[in-house]
Number of protein chains: 2
Amino acid sequence: MEHLSSVKNSCRLLKFFLQSPSKELGVSDLSRKLTLSKGAVHKMLATLESEGFIRQNPATKQYYLGYTLLELGNQVLKNHNLSDFVKPYLERLAQMSNELITLCVKDERDALYVDKIDSQYPIRFNVDMYRRFPLYATSAARVIFAHCNLSLIDDLLKEDIRTFTPYSFKDPEAIKSRLLEIKQQGYEMSSNMRNVGVTGIAAPLFDANGEVSASISIIGPSDRMLPLKEKLIGQIIEVTKEISSQLGYHG
Amino acid sequence: MEHLSSVKNSCRLLKFFLQSPSKELGVSDLSRKLTLSKGAVHKMLATLESEGFIRQNPATKQYYLGYTLLELGNQVLKNHNLSDFVKPYLERLAQMSNELITLCVKDERDALYVDKIDSQYPIRFNVDMYRRFPLYATSAARVIFAHCNLSLIDDLLKEDIRTFTPYSFKDPEAIKSRLLEIKQQGYEMSSNMRNVGVTGIAAPLFDANGEVSASISIIGPSDRMLPLKEKLIGQIIEVTKEISSQLGYHG
DNA sequence: CGAAATCGTTCTCTAATAGAGAACATCGTT
DNA sequence: AACGATGTTCTCTATTAGAGAACGATTTCG
């Protein structure tokens, strides 16, 4: 099955803005990074601009992401029924713990947070919403990862492991055995993996088919989280079980 | 200048999800609506799926917008400095009026709300964020429209006027003369144009070049807004003048 | 229950074009 | 003034985009 090359390259172009530190990018820069000719990149940009996906700064002649992408991104959120369904449960957890509560979903080989309720503490942890990260990187992601096919797990762990702190997993085998643990005990708790001094507790959401494609987590400073860990683990398991059964899961 | 046809068609395909009532669309449906062959649409969808812009529901075989678009849309918001800059002023207006405050921007021939602060009243008006609408449709948009080139104005008013209520403008000449009024008095106030029983008051933001590409508005139920209109007009003009001068405008 | 319609997918084929590369115009810098 | 960077425009051909037909699998309906 062949893909449309120019479409694929345009998608790569747009996504390049996600990993670029500057919000405006030039033709030459893009052509180098994407290893495409300047002419080709220019034609792609012109086409994307005509559809509102890209705009050009008249002053700098450089290009930036257009509002049409904002419209489309918002549509993705609107389509996402799970958030609406889960929201009341997140709020309940937030009230019980007063820490950051997140809803995390899987997308192919990545995970991302699609909803959250912030803690009310003056010192609180914050997550980047709507940004991809590896399935092994955070508690919320790992608890989903643990329920994935073994083939996906092996496949992903074959690649280079991205570490975020000195305490992050870096050995594929260590991750794999942790995933087994997670699956057995039904939740995941970890500290310092993604951010030093931060502890996350996460539990999976099962849908009617018994599949796990989302998770809920409580995240906060370790000094507040660890003393309450038994209580928090109990709460998150209770709530996620209730959601799963509401989703039609009989496990 | 030729555009890349497959890229253009893929953009059209993605945008079609914005105007579709259902969040999942099939190949046949899309091919009919876009007047493209099923084979071509299928190839586009497969390519977009490989880049995370589209996903397929295995159960229904239909397609829906992917999380990558959420990432990109979020990036657009992050890049948008104006919101950060303007936010404190919006909050000030919100405190003063306790009605919905919006930040509206122009994008080509459309306008969209990119930021807002909700009213605290139990009965309050709400706007769709990040959705395009015509430059003549709302107070917030018209106050921007009034400062556009005459060529753009004439161009846009040549097309069919979309009306939203029985009170919406539908005559191009009426709109044009209203735009002159707006430009002269420096603000716009209107009722029932977009939603019956709703009144909006809007004033433009001038940048350092004296251009208007954004506006701020106060929107609420007419029965609360109208008795206070002098006060509200004064407040919004005061605040927008302050923002404009902070943006480097000396007018 | 079986026929017919509709679906998504795959295939073939050629007219159309995507993309490399060179040339050009316009900057700001040295 | 010359240079190096940019964005833009051009030419040209190997590639491919997209129409249309055919496929198997579902679903619909008589």
Side-chain angles (χ1 to χ4, degrees), chain A residues 1-17 19-66 79 107-108 208-209, chain B residues 1-17 19-66 79 107-108 208-209:
Chain A
M1 179 58 192
E2 278 306 305
H3 282 164
L4 300 171
S5 64
S6 61
V7 174
K8 195 164 192 85
N9 285 329
S10 297
C11 289
R12 289 205 301 135
L13 186 155
L14 291 172
K15 288 202 280 186
F16 189 76
F17 280 86
Q19 53 179 96
S20 159
S22 53
K23 63 177 195 176
E24 290 189 358
L25 291 169
V27 175
S28 304
D29 203 9
L30 283 166
S31 87
R32 263 177 271 122
K33 300 292 178 43
L34 302 173
T35 52
L36 288 165
S37 71
K38 279 206 292 179
V41 170
H42 183 264
K43 220 187 278 188
M44 282 165 33
L45 286 166
T47 307
L48 291 168
E49 183 174 21
S50 77
E51 295 293 327
F53 284 58
I54 283 282
R55 291 268 108 99
Q56 185 177 34
N57 182 334
T60 64
K61 295 284 185 180
Q62 302 210 93
Y63 295 86
Y64 57 93
L65 298 175
N79 292 347
D107 187 41
E108 289 292 300
N209 307 317
Chain B
M1 178 56 194
E2 278 305 306
H3 282 163
L4 299 171
S5 64
S6 61
V7 174
K8 195 164 193 85
N9 284 329
S10 297
C11 290
R12 288 206 301 136
L13 185 155
L14 291 172
K15 288 202 280 186
F16 188 76
F17 281 86
Q19 53 179 96
S20 159
S22 53
K23 62 178 195 176
E24 290 189 0
L25 292 170
V27 175
S28 302
D29 203 9
L30 283 166
S31 88
R32 262 175 273 124
K33 300 293 178 43
L34 302 172
T35 53
L36 287 166
S37 71
K38 278 206 293 179
V41 170
H42 183 262
K43 221 187 277 187
M44 282 166 31
L45 287 166
T47 307
L48 291 168
E49 183 175 21
S50 77
E51 296 293 326
F53 284 59
I54 283 282
R55 290 268 108 100
Q56 185 178 34
N57 183 335
T60 64
K61 295 284 184 180
Q62 302 210 92
Y63 295 86
Y64 57 92
L65 298 175
N79 292 348
D107 187 41
E108 289 293 302
N209 307 318

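Numbers restart at 1 for each chain; the letters A, B, ... are given by sequence-line order, proteins then strands.
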Please round to the nearest 0.5 Å and tell me the distance separating atom CG of B/Leu45 and atom CD1 of B/Ile54.
-> 6.0 Å

Given that both pair distances must be under 3.5 Å and the pair must be Watson-Crick or G-U, what runs of three or more consecutive pairs involve DNA chain C?
-> C:1-7 with D:24-30, C:9-27 with D:4-22

CG/B/Leu4 to OG/A/Ser6 distance, rounded to the nearest 0.5 angstrom?
-> 5.0 Å

Send over the distance from B/His3 NE2 to D/dG18 P, rounded to a whole Å.
-> 15 Å

Given atom CG of A/Leu4 and atom C1' of D/dT15, what is their separation to the nearest angstrom?
-> 12 Å

Under a 4.0 Å heavy-atom cut-off, which of residues 21-38 of chain A touch DNA chain C?
-> A/Leu36, A/Ser37

Can you list every salt bridge (charged side-chain N to carboxylate O under 4.0 Å, His left out) pair that touches residues 3-12 of chain B, not counting sequence neighbours?
-> A/Glu51-B/Lys8

Can you tell me the distance, in whole Å, between the CZ atom of A/Arg12 and the P atom of C/dA18?
-> 16 Å

Over how many whole Å does the gap from A/Asn9 atom CG to C/dA20 atom C1' extend?
-> 13 Å

Over all atoms of both residues, closest heavy-atom pair of A/Lys23 and B/Asn79 | NZ-O, 2.9 Å

d(CD, A/Glu49; P, D/dG7) in whole Å = 13 Å

To the nearest Å, how far apart are B/Leu45 CG and C/dT10 C1'?
-> 15 Å

Presence of B/Ser5 side-chain N/O under 4.0 Å of D/dG18 phosphate oxygens OP1/OP2 = yes

Under-4.0 Å side-chain N/O to phosphate OP1/OP2 contact, B/His42 with C/dT9 | yes

Provide, to the nearest angstrom, the distance between the OH atom belonging to B/Tyr64 and the P atom belonging to C/dG8.
-> 15 Å

Rounded distance in Å - NZ (B/Lys8) to P (C/dT17) | 13 Å

Phosphate OP1/OP2 of C/dT9 contacted by B/Tyr63 side-chain N/O (<4.0 Å) = yes

Is a side-chain donor or acceptor of B/Gln62 paired with a backbone partner of B/Gly26 at a separation under 3.5 angstrom?
-> yes

Counting just side-chain N and O atoms, does A/Gln62 come under 4.0 Å of either OP1 or OP2 of C/dC27?
-> no

Of B/Val41 and A/Gln56, the one whose closest nucleotide on DNA chain D sits nearer the 5' end is A/Gln56

When rounded to the nearest 0.5 angstrom, what is the spacing between CG in B/Leu65 and NZ in B/Lys15?
-> 13.0 Å

Starting at CG of B/Leu13, measure out to CG of B/Leu34 and round the result to the nearest 0.5 Å.
-> 5.5 Å

Point-to-point distance, once rounded to the nearest 0.5 Å, from CG of A/Asp29 to NZ of A/Lys38 = 11.5 Å

What distance do B/Glu49 atom CD and A/Glu108 atom CD have between them, rounded to the nearest 0.5 Å?
-> 7.0 Å

